[in-house]
Amino acid sequence: MPATLIAPTELRLWTSDDYHRMAEVGILHPDEPVELIAGQIIRKMSPQGSPHAAAIRRSRRWFEAALREVAQVQTQLPIQLDDYSEPEPDIAIVQPDPRDYSDRHPTAPEVWLLIEVSDSTLAYDCNTKAQVYAEAGIPDYWVLDIQRRQLHLFRDPQAQGYAVHQVFPDKQTITPLSFPDAAVAIAALLPLPPLT
């Protein structure tokens, strides 16, 4: 007798209010490495290796020095894209807030540039995260590929994804859309190559 097929059930999407409530009541531990992406609670990938951490440090230092008067630089802190996505990108360049966003997270219209540092998550960062960021209207999204020492640049957000996706080698200089005077060498954001 053939097996009876069960009709697929719809996925139950979590809102940011649900997500915060789960943390408040202890369902999610404060140190648990998760983020809310498109209504799903996603466990962040494996722990950061030294090159990943170095790229975050180098990127943060460069942007803080270059943009200290005009933007806030966040590292691995939440941004509120919509009711169903609250990612924690490695670097977020956001509009200044006099209260340092103490009463809320920065929202999509307040984000100028997002950067994810990719070691083992390149496909996820260039597909799933790029789609979520494009749908939210993030104008400038970069993925630093530390394995291949290159930068994936995503621009012109559309409902179906970014219309522009370019890949640049570490010898290239790139300029954030919102800061045309802040050209940065991609190599300055990547971890230093291993000593030989």
Side-chain angles (χ1 to χ4, degrees), residues 13-14 16 19 32-63 73-82 84-94 105-108 110-178 184-193:
L13 300 180
W14 301 103
S16 59
Y19 181 62
E32 195 169 355
V34 294
E35 60 186 349
L36 182 67
I37 303 291
Q40 298 178 55
I41 298 171
I42 306 294
R43 184 175 303 283
K44 292 184 185 180
M45 303 302 175
S46 57
Q48 289 180 27
S50 298
H52 188 279
I56 292 172
R57 280 189 215 98
R58 289 170 58 83
S59 296
R60 183 192 69 233
R61 276 198 307 265
W62 193 93
F63 282 104
V73 180
Q74 294 190 167
T75 55
Q76 299 182 322
L77 294 173
I79 57 171
Q80 183 75 46
L81 296 181
D82 56 32
Y84 296 94
S85 289
E86 194 175 295
E88 297 180 12
D90 289 317
I91 303 284
I93 311 300
V94 300
H105 299 309
T107 60
E110 296 167 310
V111 174
W112 283 316
L113 169 64
L114 293 181
I115 303 173
E116 295 287 1
V117 176
S118 181
D119 190 349
S120 60
T121 60
L122 186 64
Y124 180 70
D125 292 333
C126 288
N127 295 301
T128 303
K129 282 219 169 161
Q131 179 64 39
V132 169
Y133 293 155
E135 288 174 2
I138 302 300
D140 207 3
Y141 171 48
W142 300 358
V143 177
L144 280 172
D145 178 357
I146 59 179
Q147 293 291 330
R148 294 166 192 84
R149 298 193 59 78
Q150 58 191 16
L151 181 139
H152 290 253
L153 177 141
F154 296 87
R155 289 184 174 157
D156 193 9
Q158 311 285 321
Q160 66 277 14
Y162 284 97
V164 174
H165 175 197
Q166 298 172 291
V167 182
F168 297 100
D170 64 351
K171 295 172 179 58
Q172 187 82 28
T173 297
I174 195 80
T175 303
L177 274 178
S178 298
V184 57
I186 294 168
L189 307 178
L190 289 163
L192 295 172

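All values below were derived from every heavy atom in this structure, side-chain atoms included, with hydrogens, water molecules and symmetry-related copies excluded.
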If you take all heavy atoms of Gln76 and Ile56, which pair is closest and at what distance?
-> NE2-CD1, 3.3 Å
When you look at His152 and Tyr162, which way does the side chain to side chain contact (heavy atoms under 4.5 Å, CB included) test go after all the steps?
-> CA-CA 12 Å; His152 290 253; Tyr162 284 97; over 6 Å; no
Begin from the C-alpha positions of Arg58 and Leu190 and carry the test side chain to side chain contact (heavy atoms under 4.5 Å, CB included) through to its verdict.
-> CA-CA 7 Å; Arg58 289 170 58 83; Leu190 289 163; 5.7 Å; no
Rounding to 0.5 Å, atoms CD1 (Ile138) and CD1 (Ile79) come to a distance of 5.0 Å
Between Thr107 and Glu110, is any side-chain donor less than 3.5 angstrom from a side-chain acceptor?
-> yes
Grab the two heavy atoms, one from Pro78 and one from His105, that are nearest each other, plus how far apart they are.
-> CG-CE1, 3.6 Å
Do you know the tightest heavy-atom contact between Leu177 and Arg155?
-> CG-NE, 3.3 Å
Would you check if Val111 and Tyr133 make a side-chain contact, meaning some heavy-atom pair closer than 4.5 Å?
-> no
In this structure, which one of Ile115, Asp145, Leu144 forms a side chain to side chain contact (heavy atoms under 4.5 Å, CB included) with Leu151?
-> Leu144
Asp170 and its side chain to side chain contact (heavy atoms under 4.5 Å, CB included) partner, picked from Arg148, Arg149, Gln150 | Arg149
Tyr141 and Lys129: CA distance, side-chain angles, deciding distance, side chain to side chain contact (heavy atoms under 4.5 Å, CB included) verdict = CA-CA 10 Å; Tyr141 171 48; Lys129 282 219 169 161; 3.7 Å; yes
Donor-acceptor contact present, side-chain Asp90 to main-chain Val117, <3.5 Å = yes
Considering all heavy atoms of both residues, which atom of Ala130 and which atom of Cys126 are nearest to each other, and what is their separation?
-> CB-O, 3.4 Å
Is there side-chain contact between Ile146 and Pro191, with at least one heavy-atom pair below 4.5 Å?
-> yes
Do you know the tightest heavy-atom contact between Val94 and Pro106?
-> CG1-CB, 4.0 Å
Between Gln131 and Ala159, the two heavy atoms sitting closest are NE2-O, 2.9 Å
Thr121 side chain near Val143 side chain, heavy-atom distance below 4.5 Å = no
Side chain to side chain contact (heavy atoms under 4.5 Å, CB included) assessment of Leu113 paired with Ile91 = CA-CA 8 Å; Leu113 169 64; Ile91 303 284; over 6 Å; no
Mind telling me whether Phe154 and His165 have parallel, tilted or perpendicular rings, with 30° and 60° as the class edges?
-> parallel
Hey, is the main chain of Thr75 close enough, under 3.5 Å, to the side chain of Glu88 for a donor-acceptor pair?
-> no
